[in-house]
There are 2 protein chains.
Amino acid sequence: MTDPELRPGVRMADLPLGVRPCSLAAALDVLGERWSLLALREIGYGVRRFARIAGYTGASRDILADRLRKLEAAGVIERRLYSEHPPRHEYHLTEAGRELFPVMLALSQWGDRWAVDSPALVRRHSCGEPVQVDLVCHHCGRPVTHDTVHAELADA
Amino acid sequence: MTDPELRPGVRMADLPLGVRPCSLAAALDVLGERWSLLALREIGYGVRRFARIAGYTGASRDILADRLRKLEAAGVIERRLYSEHPPRHEYHLTEAGRELFPVMLALSQWGDRWAVDSPALVRRHSCGEPVQVDLVCHHCGRPVTHDTVHAELADA
DNA sequence: GGAGTAAGTTGGAAAACACAACACACTGAA
DNA sequence: TTCAGTGTGTTGTGTTTTCCAACTTACTCC
């Protein structure tokens with residue numbers, strides 16, 4: 001991930017300048033605006049209604065309405081009509097939304113460690129212990145770390 | 001993580017309204033502004049100089065200067081003076097910054113799958129296969145998923 | 001000297017955001 | 001049957017961020 005070799009001898013940090021084609025940036029285009037991830041957290045918690053999402057996140061109603069519309073357009077959430085006249089929706093995660101679980105978990109754990117004094121919430125695994133996640137490779141089962149990952153340009 | 005039980009019978013979605021004390025929100029206070037994560041990606045790639053970070057991310061120089069200052073104040077990066085008169089710095093990740101690896105990786109992989117047509121970059125594990133990360137519990141070694149994690153309020 | 005490089009800072013226009021008030025259709029109580 | 005209350009947004013009005021280009025400062029190299 002960091003300082004990876006692209007071709008033998010070519011490093012990310014040495015490529016010619018220019019905005020990188022990058023799925024991190026693409027993900028942030030969808031998720032990176034203020035309130036978006038917090039709204040997704042709430043919907044993931046099972047909060048379905050607009051006013052409650054606003055209440056739990058602290059987002060103002062106009063901005064929240066905008067974010068929910070964009071997240072729906074991006075296919076991360078689904079709005080289910082439960083009343084016509086006036087139109088009223090419930091919000092649910094799509095598969096893309098549910099697959100944000102690792103992102104949310106990674107961010108939360110980083111926050112626990114580096115951004116708060118003491119966590120207000122303990123996430124516990126089904127084994128009974130507080131969750132502490134290891135990343136392992138799906139193929140070989142060994143740890144995935146900073147220096148066991150390197151990037152390659154995909155061929156055209 | 002989602003719709004978890006806090007105490008037997010108490011669900012996140014049923015708690016009284018009010019902004020949640022939450023380490024996800026705390027993490028986003030540090031990392032959530034536009035350009036911050038992209039700048040960290042570059043610094044993680046080994047890009048050390050201001051102008052190159054700006055060039056690879058597309059951030060404008062004034063905003064980037066602001067973000068780098070905030071990230072330093074938050075302890076995620078370190079600026080090393082390599083010239084006085086005029087003051088010039090190199091940017092490096094601190095330990096807190098290096099521990100963002102899982103966050104970046106999770107976001108990138110989500111973006112690969114849901115936010116781009118075809119990834120421009122392939123991240124390969126040392127075993128030779130494209131990285132596909134599994135989350136496993138550090139304690140019991142079993143998978144960590146949406147429904148094997150539940151949250152509890154930390155006791156005061 | 002003079003050109004080039006590096007890392008910001010500044011100023012003004014454009015966009016995003018926050019907050020309060022409003023609109024609308026319903027629901028239940030007086 | 002009126003009338004307050006609820007849920008879900010939208011609108012209007014300022015404030016704050018962001019963007020972009022130009023400027024500044026102090027080197028280094030020719």
Side-chain angles (χ1 to χ4, degrees), chain A residues 13-20 25 28-40 42-43 45-74 77-92, chain B residues 13-20 25 28-40 42-43 45-74 77-92:
Chain A
D14 297 331
L15 287 177
L17 285 181
V19 176
R20 299 195 199 275
L28 291 174
D29 280 343
V30 175
L31 309 170
E33 285 185 300
R34 206 175 166 198
W35 307 117
S36 294
L37 275 174
L38 294 183
L40 288 168
E42 294 306 322
I43 299 172
Y45 278 156
V47 178
R48 302 269 162 260
R49 303 287 248 256
F50 185 87
R52 299 185 71 83
I53 299 172
Y56 286 130
T57 58
S60 53
R61 314 168 75 70
D62 52 349
I63 302 298
L64 181 61
D66 173 78
R67 294 300 182 270
L68 292 174
R69 241 180 281 115
K70 286 180 181 168
L71 289 172
E72 189 201 14
I77 62 173
E78 194 188 333
R79 328 170 78 171
R80 297 188 191 154
L81 203 67
Y82 72 89
S83 142
E84 309 184 71
H85 313 299
R88 293 292 177 258
H89 303 89
E90 283 187 328
Y91 298 93
H92 294 257
Chain B
D14 296 331
L15 288 176
L17 285 180
V19 176
R20 300 193 198 275
L28 291 174
D29 280 344
V30 176
L31 310 170
E33 285 186 300
R34 202 175 169 197
W35 307 117
S36 295
L37 275 174
L38 294 183
L40 289 169
E42 294 307 321
I43 300 171
Y45 278 156
V47 179
R48 301 269 163 262
R49 302 289 248 257
F50 185 88
R52 300 187 70 83
I53 299 173
Y56 286 129
T57 58
S60 53
R61 311 168 78 69
D62 53 348
I63 302 298
L64 183 60
D66 172 79
R67 295 298 181 271
L68 293 173
R69 240 178 283 111
K70 286 180 180 166
L71 288 171
E72 189 201 14
I77 62 175
E78 192 187 336
R79 330 170 75 170
R80 297 187 192 157
L81 202 67
Y82 72 88
S83 144
E84 309 184 74
H85 311 299
R88 295 288 177 260
H89 304 90
E90 282 188 339
Y91 297 93
H92 294 257

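Quick caveat: nothing in here was measured; it's all calculated off a predicted structure.
For dG7(D), neither phosphate oxygen OP1 nor OP2 lies less than 4.0 angstrom from any side-chain nitrogen or oxygen of His89(A). Taking side-chain N and O atoms only, Arg79(A) has a distance below 4.0 Å to OP1 or OP2 of dG9(D).
With sequence neighbours left out, Arg79(A) forms a salt bridge (charged side-chain N to carboxylate O under 4.0 Å, His left out) with Glu72(A). Checked against side-chain hydrogen bond (donor to acceptor under 3.5 Å, both in side chains), Asp66(A) has the following partners two or more places apart in sequence or in another chain: Lys70(A). Applying the side-chain hydrogen bond (donor to acceptor under 3.5 Å, both in side chains) test to Asp62(A) and every residue at least two apart in sequence or in another chain returns Ser60(A). Listed by chain and residue number, Arg49(A) satisfy the side-chain hydrogen bond (donor to acceptor under 3.5 Å, both in side chains) test with Glu90(A) (two or more places apart in sequence, or in another chain). Among residues two or more places apart in sequence or in another chain, the salt bridge (charged side-chain N to carboxylate O under 4.0 Å, His left out) test is passed with Arg20(B) by Glu42(A).
Following rounding to the nearest Å, Arg49(A) (CZ) and dG9(D) (P) show an atom-to-atom distance of 10 Å. Atom CD of Glu90(A) is separated from atom P of dG7(D) by 13 Å (rounded to the nearest Å). Per the geometry, CZ belonging to Arg52(B) stands 13 Å off P belonging to dT5(C), to the nearest Å. Computed from coordinates, the Glu33(B) CD to dC17(C) P distance equals 11 Å when rounded to whole Å. Separating the CG atom of Leu68(A) from the C1' atom of dT8(D) is a distance of 11 Å, rounded to the nearest angstrom.
Here the closest non-hydrogen pair linking Leu28(A) and Leu38(B) is CD1-CD2, 4.0 Å.
Near DNA chain C, meaning a heavy atom under 4.0 Å from it, residues 58-67 of chain A has Ser60(A), Asp62(A), Ile63(A), Arg67(A) in order of number.
Contact annotation for Arg69(A): backbone-only contact, meaning every heavy-atom pair under 4.0 Å involves sugar-phosphate atoms and none involves a base.
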